[in-house]
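First comes the structure, then the notes that go with it.
No hydrogens, no waters, no symmetry mates; every other heavy atom, side chains included, goes into these values. On a predicted model such as this, the values are computed, not experimentally measured, just so you know. Just so it is clear: chains get the letters A, B, ... in the order the sequence lines come, proteins before strands, and each one is counted from 1.
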Number of protein chains: 2
Amino acid sequence: MIRRLSQARERGIPEATVARLPLYLRALNGMAERALATVSSEDLAVAAGVNSAKLRKDLSHLGSYGTRGVGYDVEYLIYQISRELGLTQDWAVAIVGVGNLGRALANYGGFVSRGFRIAALLDADPEVVGDRIAGLNVEHIDELETVIERRGVSIVVLATPAAAAQRVADRVIAAGVTSILNFAPVVLAVPEGVDIRKVDLSIELQILAFHEQRKADRMTGGTAMAEEWPEAVDL
Amino acid sequence: MIRRLSQARERGIPEATVARLPLYLRALNGMAERALATVSSEDLAVAAGVNSAKLRKDLSHLGSYGTRGVGYDVEYLIYQISRELGLTQDWAVAIVGVGNLGRALANYGGFVSRGFRIAALLDADPEVVGDRIAGLNVEHIDELETVIERRGVSIVVLATPAAAAQRVADRVIAAGVTSILNFAPVVLAVPEGVDIRKVDLSIELQILAFHEQRKADRMTGGTAMAEEWPEAVDL
DNA sequence: GTCCCTTTGTGAACCGGTGCACAAAGCGGG
DNA sequence: CCCGCTTTGTGCACCGGTTCACAAAGGGAC
């Protein structure tokens, strides 16, 4: 899933830590809304669903922002994590592929709130080009390069069919984009220096199925299934 | 061939391996379509975007299904991985929350194809209850327990608003479901034995933003940003 | 059967991440 | 100012997972 995502060196934040910071940030925002001034590592850890030692170690990578005997200042910590994640600036995001999923993403308010702004919706289907979705005009994929440059798009979300994903990825990379969130069920080949994150619904379900099957097996006493190739199989 | 069966397969396939099996399966299906009979670990690894040593070790956890000097039989390996993942049986999935995302998931053909069948769509909003989506009637959330039992639902996809997710999770767990795929941006508290997988769009974007920022910093010569709390901040 | 070539399966070193346990640090009370 | 309580920050042991490198195994040629 994570490719070439840095050897976090300069400031050296471990990848696993980076992946949890958004979780802490969300928990902290909830606390700020409830007007809590400070929070202990224990309480924040519970809210974020991790253990407190891990949380303290994670935060220690950002700096020493806690007060022993007291805890962390909620607002201050929100600011520090936001800054570290780069959410104090505004990121222009383009969504390519305005099918069901693309539409859902465009309308999903959750990420627009924090630092991200959907700057463009693009699609190849003339049927949907021109539609107005979430306050934006759907533009034709031919405009891809122009739109990326003119609007300073730095993150692209791929919600295209699998067959189109690699082609679009090549184009956005050529246009200078180095961060891609891919929803298409394909392994994208990308050059060094381009960060890809992948969200794959079908893989998640398959992992669940594996564990579900295992649980079921355990219940039925773990009867050994046939190991051999069945006589007649046609796939 | 059956000699090693016990040791590797018997107990515990590493979690990291399980997470990659669907990737291999997808690559193999592509090869089967192109009528390839056998494939080497090297070729399959490239297609799946991993290195070949890892792929061989992963497959070795299922058993010894390759032939030295030749490679793996494509169809046979598809069958073995499918069986291991539990895709040879049919899983009934319920989607709770038929907003934009729920609709997108319902219409997403990708996972229906392989072992998964959407058995129900549920929502609390009387406005959408009764709608017909992807060939299914949207039912009222009050029917949750009945539907789960009657249709043998074993996997639930949560696509509800964040505020409703925990409540729905509690109910489906009480109804006997132990596998949940959660799209709501909340940390769910669940009892031991329940498997939760989480997909969080906003977290993925934030991780990308972190790396994007880092890349930008590096280009501009890594100018040190102010570390201090700005004078006037109101969030 | 023997030799050579290819490719698997795996022992072992290595690496990043986790969790424990505790010393250091801050705060409030007397 | 000192004491005792709380909570952070971290050294260290541990663990799962990755990667390397190679012996073992199979196939084909002759």
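With hydrogens and angles disregarded, a donor-acceptor distance shorter than 3.5 Å links the side chain of A:Ser82 to the backbone of A:Ile78.
Where A:Asp58 and A:Thr67 meet DNA chain C, the nucleotide closest to each residue was compared, and A:Asp58 sits on the side nearer the 5' end. For the pair A:Ser60 and A:Gly69, nearest-nucleotide mapping onto DNA chain D gives the more 5' position to A:Gly69.
Residue contacts shown for A:Ala53 include a base, since a base heavy atom lies under 4.0 Å away. Looking at heavy-atom distances under 4.0 Å, B:Ser52 makes no contact with the nucleic acid at all. When heavy atoms are screened at a 4.0 angstrom cut-off, B:Glu15 is found touching the sugar-phosphate backbone but no base atom.
Distance, A:Lys57 NZ to C:dT18 C1': 8 Å, rounded to whole Å.
The side chain of B:Ser41 contributes no N or O atom lying less than 4.0 Å from OP1 or OP2 of C:dT7. Within the 4.0 Å cut-off from OP1 or OP2 of D:dG9, at least one side-chain nitrogen or oxygen of A:Tyr72 is found. Regarding contacts with the backbone of C:dG9, a side-chain N or O of B:Ser64 is found under 4.0 angstrom from either OP1 or OP2.
Between D:dG17, C:dG17, D:dC22, one nucleotide has an atom nearer to the side chain of B:Arg56 than all others, and that is D:dC22.
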(request) Show your working on side chain to side chain contact (heavy atoms under 4.5 Å, CB included) between B:Arg56 and B:Tyr72 and close with a plain yes or no. (result) CA-CA 10 Å; B:Arg56 287 198 300 277; B:Tyr72 300 88; 3.9 Å; yes

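Side-chain atoms of B:Arg68 come within donor-acceptor range of the base of C:dT8, with a qualifying N/O pair under 3.5 Å.
Every residue meeting the salt bridge (Lys or Arg N to Asp or Glu O under 4.0 Å) condition with A:Arg20, not counting sequence neighbours, appears here in chain and number order: A:Asp58.
A 4.5 Å side-chain heavy-atom check between B:Phe183 and B:Lys198 finds every atom pair outside the cut-off.
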